[in-house]
Every structure is written in structure tokens, then in C-alpha cells.
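Both ligands and their constituent atoms are indexed starting at 1 by order of listing.
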Amino acid sequence: MTLADKLAHSLGANGWITEGTDHFHKDWLGYHAHPPLGVARPKTTDQVATVVQLARQARIPITPQGGNTSLCAGAVPAKSGEIILSLSRMTAIESIDTVGGSVTVQAGVVLANLHEAVESKGLIFPMHLGAEGSAQIGGLISTNAGGNHVLRYGMMQDLVFGLEVVLPNATVWNGLRHLQKDNAGYQLRKLFCGAEGTLGIITRAALKLYPMPKQRATALVCIRDFQTCVELGAALKRDYHEFISSLEFFSDLGLEFVLRNIHDTKFPCQSRTPAYVLIELSTSSPQVQLHEMLESFLFQMFEKDWIVDGTVAANESQRMAFWRLRDEMPMGQAMEGAQIKHDISVPTARLADFIEQMIPSLEKILVGVRINAFGHLGDGNIHLNLTVPAGQQDFAGQQIKLSEEIYQRAEQEGGSFAAEHGLGRTKIPNANKLRSSVERQLMSSLKLALDPFNLMNPGVIVDDRGHQDLI
Ligand SMILES: Cc1cc2nc3c(=O)[nH]c(=O)nc-3n(C[C@H](O)[C@H](O)[C@H](O)COP(=O)(O)OP(=O)(O)OC[C@H]3O[C@@H](n4cnc5c(N)ncnc54)[C@H](O)[C@@H]3O)c2cc1C
């Protein structure tokens, strides 16, 4: 029997797909597409282990895949003839502990479905991002996703209590504990947070839940420059830190992309300014005067002339409309033509200077390039996304130069060239240039120790050539 026959036999009907795999093997940005040997769609941890075992015997690489929303081609194979292992049939929400505040899920649960399930019990899972209708728990853990509430609740690694993982040698590590405290050796679960499928396949997770906020107060404010956004953010943190659940910003160009390309979006303020800040406060206490707090802060900011215009959401539908302007930004920009995405971070105090310095540098490389700065003001994570000049089809061969300019400057500022989305396949050359050989070697050694045959998502995070040298 061939490997394909064995997989088809082990996984049953709909468990092994070889036709019509476009949806699985093309990446979200549409730049990578290598038809696989097939797509394995196991339903249980044992079936995942069987796929890993059979692939290992045949020395065929596996790319684990969640919702396939990776923005750095991490969820699709680099070559044809490899296996995609999709978690899309492992969708059980197994148990919710309302006392301890945790939930146990299979890795293929879509984030939006998890929100719905836990909210019906008066709890929240506080990870929110634009791709939440497709992104799965396993993918979010494997990219150590950030999202819109990092300031308050941390990144995905801070929301994981325990994991179950099928290792590259096909054994199952059951680390599904629900504990806040467990210092029995290395923090193994953290090893898999951000590992992008290179060290094993996450099959189940125990995640942390929080009480549902009883109140939320959300404002959208218009600001005359990025530096004032930074200062406003710092003032908000100084006075109301424990109430801030989101502190996001976006440029006027980004707003224009959304209003032009996304149906049913409307800007709620009178003035258009170079930058906007979306503030959300929340509390689980019914006693706190949250709206009064936010309004008083905004009043002070108007008095100081830091805010040009702004509005507070009067109800949930207005709040959702504000959030759509921010969440639809990747899609709004995608509809403007070819783009290059960057997700860098810099120390928050340097955020405005960084953007102001990058604009002329990038325009010098490509006249007319459209620069959209938006992202997470609260944690210094900027998506400095570039769109081709109006009327042009491509970046005139300047893509690498443009990205390198941004990445180098971010690292020089003490920031990171890869703050949120991971390295995937696309950022390995940058990692090789920007991070020390000690750091890269450490990652290669870890990879080699767990996956000596380099079969788990080869070419992601660890440079394949580096890996071959080590073998
Ligand atoms: C519109 C949009 C908005 C986004 N906004 C944000 C944002 O605000 N913050 C942010 O951090 N990211 C954001 N992202 C990118 C982010 O990486 C993904 O949305 C998400 O974390 C990936 O989940 P996924 O299930 O789609 O994983 P995939 O794309 O399928 O996979 C991502 C990586 O994880 C690996 N993987 C997937 N499942 C498993 C598993 N079970 N076990 C082991 N490895 C696995 C894959 O091999 C791949 O390397 C955004 C993406 C889009 C398209």
C-alpha cells in the first residue's frame, strides 16, 4: 500500500482529501500554492498520531493547519507532494469549568465559536482579532497570537494553562493541566506557543477564561498626529490602567481604505485627522462609573487640545461599528491592490518617531507607496502595511528593500521585526540577518532535538539549510 492508501484507510471517508485542495494549499495572501500529496483531516488525537507515524515512516513532511489565516505562509507547504494536516474536524468544546475559569477544547475549534460557547456561561475568552471567524485555537497558540486585548490579558501564551501535543516521533504528550501554578521543570507548554507547527501538533488545549465584563465604555477619537496618540495612550494608562481592555490606533489612509472598500461602514465623527485612537475600558464590577470615567478622561484631553473630535459608543451596535473600522483594516487594504504586510513592534515611547521617520525613507525607495500605519498602541505593535502606488500593479521590484528598511529600523529601535504573526516561511531570511547566530542556533538545536528528521513544517522558523548542517 502507498502512504496515500494507508492514510485514506486510517482516516476513513472525508478524512483524506486529494482533490480540490486549493482552499488548503493556498495561503491567505495568495502568494504560495503547492499542491500537497493530500490533506489529512483527523478527528481524534489517536488519528493525528497515526498520520505522524505513517508520514515519519515514509519521511514525508507534514504542515499542520488551522484556519489557514497565517500572514507569513506558515500554514502551507513549501513544496508539492507533502501532507497538510488540517485540524478542521477536531472541533469539540469538551468542558467548561465556571469555578476555576478554564475551558478544554480540541485544537480545531474556531475562535468565534469558542467566544459564543463561553459567553453563554457568563465568561469570556479574551482573544480577539480580525481573523476570529476562521482562526483556530491550535493556530492561535502556534503563532502565539496577540490581538486587540494584549495590554489587559496578554498574548496567547498567557491564556494557555495546558496542552496535549502529538510529538514528531508520534508519541502524545498530555500536559492538559488547568493550573495557574506548575513549576515542575521547563515550561513545556510555552515551547509550543509560537512554534508554528515545527515541534509537534497541538491536539487539545486547556485555556484560561475571565469573567464577562459587566460594563464596557468605548470611544473613537480623532488626533492630529501620532505623537499625540502616544501621549494620550500614556495618560490613559497612568490614570485608568486596570480598566483598559483595548488601546488601538489607525491612520487616516487606513480609514479611507475601509470606508471605500468595506460595505456598510461609516465614520461616526465630524472631523478627519491624520490619526485615530480606539479606546475601550471594561470592568466586571457593576459599581464602577465606567462611562463617567471615560468621558471625564476625554474631556481633559479636549481641554488639553490633544483630541480634535471624538465620540463614545451609546450602545452595543455603535460599539461594534467602531470596532469594524479597526477590524476590517486588513481587508480594506487588501482590496486596494498588491500589498506588503509588516507586524513590527517598537518601545511605545518610540512609536510615533518611528512612523514619522519611516514615511520619508519608504517614499524615497518607492515614490507614491501608500503607507498605512495601524495597530496596537497599547503594546507598541505597528502594522506598517504598504500598498502599491495608485494606478500601479506592483512594487517595481522594491519589496525586499522596503521590508528590510522597516525591519532594520525596528530592530535598531530596540523593537522586533516580527511582533505578532511569527516568522512562517517568509521572514526566515530576515531572521538570519537580524537575530544573533546564538539565538538562531538555539532554535535549530531545539528543532533538531525534537524533530531529527525535519518533518514538522520544515522551512518554517528554522532555516532548512541550517537544519541540514546540524544533521
Ligand atoms: C484579517 C487578519 C487579521 C489578523 N489579525 C491578527 C492580530 O490582530 N494578531 C495576531 O497575532 N495575528 C493576527 N492575524 C494572523 C494570525 O497569525 C492568525 O490569525 C492566527 O493566529 C492563526 O490561526 P490559524 O488557525 O488560521 O492558523 P494557521 O494559519 O492555519 O497556522 C498558523 C501556524 O500555526 C501552525 N498550526 C496551526 N494549527 C496548528 C496545530 N494545531 N498544531 C501545531 N501547529 C499548528 C501552522 O502550521 C502555521 O505555522 C491576522 C490574520 C488575518 C488574516
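- At least one heavy atom of G147 sits less than 4.0 Å from an atom of ligand 1.
- Those atoms of ligand 1 that come under 4.0 Å of a heavy atom in E196, given as number and element, are 35 (C), 47 (O), 49 (O).
- For atom 20 (C) of ligand 1, the nearest non-hydrogen atom of the protein is T69 OG1, 3.6 Å.
- A perpendicular orientation is assigned to the rings of F249 and F226, their planes being inclined by more than 60° (bins at 30° and 60°).
- Looking only at heavy atoms of the protein, atom 46 (C) of ligand 1 is closest to P64 O, 3.1 Å.
- Among all non-hydrogen protein atoms, the one lying nearest atom 44 (N) of ligand 1 is S142 OG, 2.9 Å.
- Close contacts between ligand 1 and N457 involve ligand atoms 47 (O), 49 (O) [criterion: under 4.0 Å to a heavy atom].
- Here the protein heavy atom with the shortest distance to atom 48 (C) of ligand 1 is G74 O, 3.3 Å.
- Looking at A131, G197, S70 and measuring to atom 4 (C) of ligand 1, the nearest heavy atom belongs to A131.
- When each atom of ligand 1 is checked for a heavy atom of A145 under 4.0 Å away, the hits are 11 (O), 21 (O).
- Annotation: atom 21 (O) of ligand 1 to nearest protein heavy atom, T143 OG1, 2.8 Å.
- Under a 4.0 Å criterion applied to the non-hydrogen atoms of H421, ligand 1 contributes the atoms 10 (C), 12 (N), 13 (C), 14 (N), 15 (C).
- The aromatic rings of F417 and Y407 sit perpendicular to each other, their planes meeting at more than 60°, with 30° as the lower class boundary.
- Within a 6.0 Å radius of CD in E116, other residues, nucleotides and ligands contribute 12 heavy atoms or fewer.
- Within a 6.0 Å sphere centred on NZ of K43, heavy atoms belonging to other residues, nucleotides or ligands number 12 at most.
- Atom 31 (O) of ligand 1 has as its closest protein heavy atom A75 CB, 3.5 Å.
- Between H128 and H115, the two ring planes are parallel [angle under 30°; tilted spans 30° to 60°].
- Within ligand 1, the atoms closer than 4.0 Å to a non-hydrogen atom of L87 are 41 (N), numbered from 1 in the order shown.
- Remark: distances from the non-hydrogen atoms of V460 to ligand 1 are all 4.0 Å or more.
- With a heavy-atom cut-off of 4.0 Å, W28 touches ligand 1 through its side chain alone.
- The closest donor-acceptor contact from the side chain of T171 to the backbone of L167 lies at 3.5 Å or more, if one exists at all.
- For atom 24 (P) of ligand 1, the nearest non-hydrogen atom of the protein is G67 N, 3.4 Å.
- With distances taken over non-hydrogen atoms, the option nearest atom 50 (C) of ligand 1 out of L71, T203, L129 is L71.
- With a 4.0 Å cut-off on non-hydrogen atoms, L140 touches ligand 1 through its backbone as well as its side chain.
- In this structure, G200 has a heavy atom closer than 4.0 Å to ligand 1.
- For atom 27 (O) of ligand 1, the closest heavy atom belonging to the protein is G139 CA, 3.4 Å.
- One finds a salt bridge joining E405 and R409 here, because a Lys/Arg side-chain nitrogen approaches an Asp/Glu carboxylate oxygen to under 4.0 Å.
- Panel note: side chain E420, backbone G147; a donor-acceptor pair is recorded below 3.5 Å.
- Residue F250 forms a ring-ring contact (aromatic ring centres under 6.0 Å, His included) with just one option from Y276, F267, F374, and that option is Y276.
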(message) Quick one, Q393 with V388, criterion side-chain contact (heavy atoms from CB on, under 4.5 Å). Give me CA distance, side-chain angles, the key distance, then yes/no.
(response) CA-CA 7 Å; Q393 297 298 313; V388 284; over 6 Å; no
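- More than 12 heavy atoms of other residues, nucleotides or ligands sit less than 6.0 Å from atom NZ of K190.
- Annotation: the span from E248 atom CD to H149 atom NE2 amounts to 8.0 Å, rounded to 0.5 Å.
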